[in-house]
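Nothing here was measured: the structure is a model prediction, and the numbers come from that model.
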Amino acid sequence: MPQLKGIRILLVDDEPNILEFLELGLKNEGFEVAAAPDGLTAVTLARQFQPHVAILDVMMPGMDGFEVCRMLKKNGNLAIIMLTAKEEVEDRVKGLNLGADDYMSKPFSFEELLARIQARIRNQFPNLLGGVVIGPFRVDDRRKEIRYGDRVLELSPTEYELLRFLVINHGLVLSKSVILDKVWGYDFGGEENIVEVYIRSLREKLNDKEHRLIRTLRGAGYRVDLS
């Protein structure tokens with residue numbers, strides 16, 4: 001991951017131990033961090049701090065995480081990762097409908113949270129990072145260029161956006177509908193099979209004949225495997 005100086009993260013949690021642990025860990029990674037013990041403080045602090053990413057606990061007394069999420073998204077351009085102690089699908093759906101960008105259940109590993117933060121930054125604030133190295137790939141949004149190993153891939157604009165999306169979200173299973181929404185746009189009126197056509201083209205350019213890099217999970221979608 002490139003230099004993280006200048007990237008601001010807002011932490012919101014009513015558990016002091018979690019707040020202190022995350023604040024220390026993220027500062028050690030090079031982020032600028034502000035912490036809030038409740039929702040009202042978080043909303044006020046966000047206006048001054050202007051975070052790029054907010055790590056937001058759902059279950060808080062007073063103003064809960066859902067309301068904080070709604071207000072933060074209304075008043076600023078930022079990525080929100082919500083934390084919950086519950087595995088309720090309804091909570092995840094509610095948070096995502098309010099604008100949350102990702103979800104994690106407690107307890108979680110700091111390494112996984114860090115990876116999700118980095119993914120959100122790469123996806124929503126690429127200009128802060130310039131060229132980003134992800135495994136054997138280097139994604140450069142300024143040049144609209146992706147290197148694989150020591151060579152620059154010859155990609156069409158759509159191939160660039162598709163490979164960028166797959167690589168940034170490596171390890172995650174991405175359905176055709178999600179790919180169409182994020183790469184082609186929600187108003188795309190074509191067939192889902194277009195994804196297969198472009199995946200085939202990318203595999204040829206990556207010399208991924210055995211589909212070890214871009215894997216197909218039948219009935220689920222695609223996953224980039226960098227292991």
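- Distance CG/Asp13 to CD/Glu20: 12.5 Å, rounded to 0.5 Å.
- Other residues, nucleotides and ligands place more than 12 heavy atoms under 6.0 Å from the CD atom of Glu145.
- A donor-acceptor pair under 3.5 Å links the side-chain atoms of Asp208 to the main chain of Leu213, judged by distance alone.
- Taking every heavy atom of both residues into account, Pro61 and Asp14 meet most closely at CD-OD2, 3.2 Å.
- Taking the side chain as every heavy atom from C-beta outward, Thr84 and Met104 never approach each other to under 4.5 Å.
- The closest side-chain heavy-atom distance from Asn169 to Phe165 is below 4.5 Å.
- Contact annotation: the side chain of Ile81 never approaches that of Tyr103 to less than 4.5 Å [non-hydrogen atoms, C-beta and beyond].
- At distances below 3.5 Å, not a single donor-acceptor pair connects side-chain atoms of Arg8 with backbone N or O atoms of Val53.
- To the nearest 0.5 Å, the span separating CD1 on Ile7 from CD on Gln118 amounts to 9.0 Å.
- Arg212 places none of its side-chain heavy atoms less than 4.5 Å from the side chain of Asp225.
- Using a 4.5 Å cut-off between side-chain heavy atoms of Ile, Leu, Val, Met, Phe, Trp and Tyr, with links allowed through other members, Val173 and Ile134 fall into different hydrophobic clusters.
- Leu11 is not connected to Leu24 by any chain of hydrophobic side-chain contacts under 4.5 Å among Ile, Leu, Val, Met, Phe, Trp and Tyr, and they are in different clusters.
- Taking 4.0 Å as the cut-off between side-chain N and carboxylate O, Lys209 and Glu204 do not count as a salt-bridged pair.
- Contacts classified as salt bridge (charged side-chain N to carboxylate O under 4.0 Å, His left out) and involving residues 35-63 (residues at least two apart or in different chains) are given here: Asp57-Lys106.
- Scanning all heavy atoms of the two residues, the minimum distance from Ala46 to Pro51 falls at O-CD, 3.7 Å.
- Closest approach of Leu78 and Ala54 over heavy atoms only: CD1-CB, 3.8 Å.
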>> Quick one, Glu32 with Lys27, criterion salt bridge (Lys or Arg N to Asp or Glu O under 4.0 Å). Give me CA distance, side-chain angles, the key distance, then yes/no.
In response: CA-CA 6 Å; Glu32 295 181 19; Lys27 283 183 176 179; over 6 Å; no

> Could you walk me through whether Thr158 and Ser156 pass the side chain to side chain donor-acceptor pair (under 3.5 Å) check?
Replying inline: CA-CA 5 Å; Thr158 301; Ser156 70; 5.0 Å; no

>> Please evaluate residues Tyr148 and Arg138 with respect to the criterion side chain to side chain contact (heavy atoms under 4.5 Å, CB included), reporting the C-alpha separation (whole Å), side-chain torsions for both, the decisive distance (0.1 Å), and the verdict.
In response: CA-CA 7 Å; Tyr148 179 56; Arg138 180 179 178 86; over 6 Å; no

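- Once rounded to the nearest 0.5 Å, the distance linking CG of Leu155 with CZ of Arg164 reads 13.0 Å.
- For Ile9 against Phe49, the heavy-atom pair with the smallest separation is O-CE2, 3.4 Å.
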>> The test is side chain to side chain contact (heavy atoms under 4.5 Å, CB included); show your working for Ile168 and Val224 and say whether it passes.
In response: CA-CA 9 Å; Ile168 284 175; Val224 165; over 6 Å; no

>> Determine whether Arg120 and Phe125 satisfy the following criterion, side chain to side chain contact (heavy atoms under 4.5 Å, CB included), listing intermediate values before the conclusion.
In response: CA-CA 8 Å; Arg120 295 270 56 83; Phe125 301 100; over 6 Å; no

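- In the hydrophobic clustering of this structure, Leu217 does not group with Val195; members are Ile, Leu, Val, Met, Phe, Trp, Tyr whose side-chain heavy atoms approach within less than 4.5 Å, directly or through other members.
- Ion pairing between a basic and an acidic side chain is recognised when a charged N comes within 4.0 Å of a carboxylate O; Glu161 and Lys182 show no such pairing.
- Checked against salt bridge (charged side-chain N to carboxylate O under 4.0 Å, His left out), Arg200 has no partners two or more places apart in sequence or in another chain.
- Atom CG of residue Leu22 and atom CG of residue Leu26 lie 6.0 Å apart, to the nearest 0.5 angstrom.
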>> Before you tell me yes or no, could you show the steps for Met63 and Met71 under side chain to side chain contact (heavy atoms under 4.5 Å, CB included), namely the whole-Å CA-CA distance, both residues' side-chain angles and the distance that decides it to 0.1 Å?
In response: CA-CA 11 Å; Met63 185 186 295; Met71 295 186 70; 4.0 Å; yes

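- Within the 3.5 Å criterion, the main-chain N or O of His170 finds no donor-acceptor partner in the side chain of Arg223.
- Across all non-hydrogen atoms, the minimal contact from Ile214 to Leu166 is CD1-CD1, 4.4 Å.
- Under the 4.5 Å side-chain heavy-atom criterion for Ile, Leu, Val, Met, Phe, Trp and Tyr, Leu226 and Ile179 are members of the same hydrophobic cluster.
- Atom CD of Glu154 has 12 or fewer heavy atoms from other residues, nucleotides or ligands within 6.0 Å.
- A distance of 9.5 Å separates CG of Leu162 from OH of Tyr222, quoted to the nearest 0.5 Å.
- With respect to the salt-bridge test (charged N to carboxylate O, under 4.0 angstrom), the residues Glu210 and Arg215 do not qualify.
- Of the possible donor and acceptor atoms, none in the side chain of Asp181 sits under 3.5 Å from a partner among the backbone N and O of Ser177.
- Contact annotation: the side chain of Pro157 never approaches that of Lys144 to less than 4.5 Å [non-hydrogen atoms, C-beta and beyond].
- We find that Asp101 and Arg116 are not joined by a salt bridge, their nearest charged nitrogen and carboxylate oxygen being 4.0 Å or further apart.
- Two different hydrophobic clusters hold Val152 and Val139 under the rule that ILVMFWY side chains link at heavy-atom gaps under 4.5 Å.
- Checking each of Val58, Ile80, Val43 against Val68 for a side chain to side chain contact (heavy atoms under 4.5 Å, CB included) leaves exactly one that passes, namely Val43.
- When all heavy atoms of Phe137 and Leu206 are compared, the pair lying nearest together is CE2-CD2, 3.8 Å.
- Between the side chain of Thr44 and the backbone N or O of Leu40 there is at least one donor-acceptor pair closer than 3.5 Å.
- Atom CG in Leu153 sits 9.5 Å away from atom CZ in Arg147 (nearest 0.5 Å).
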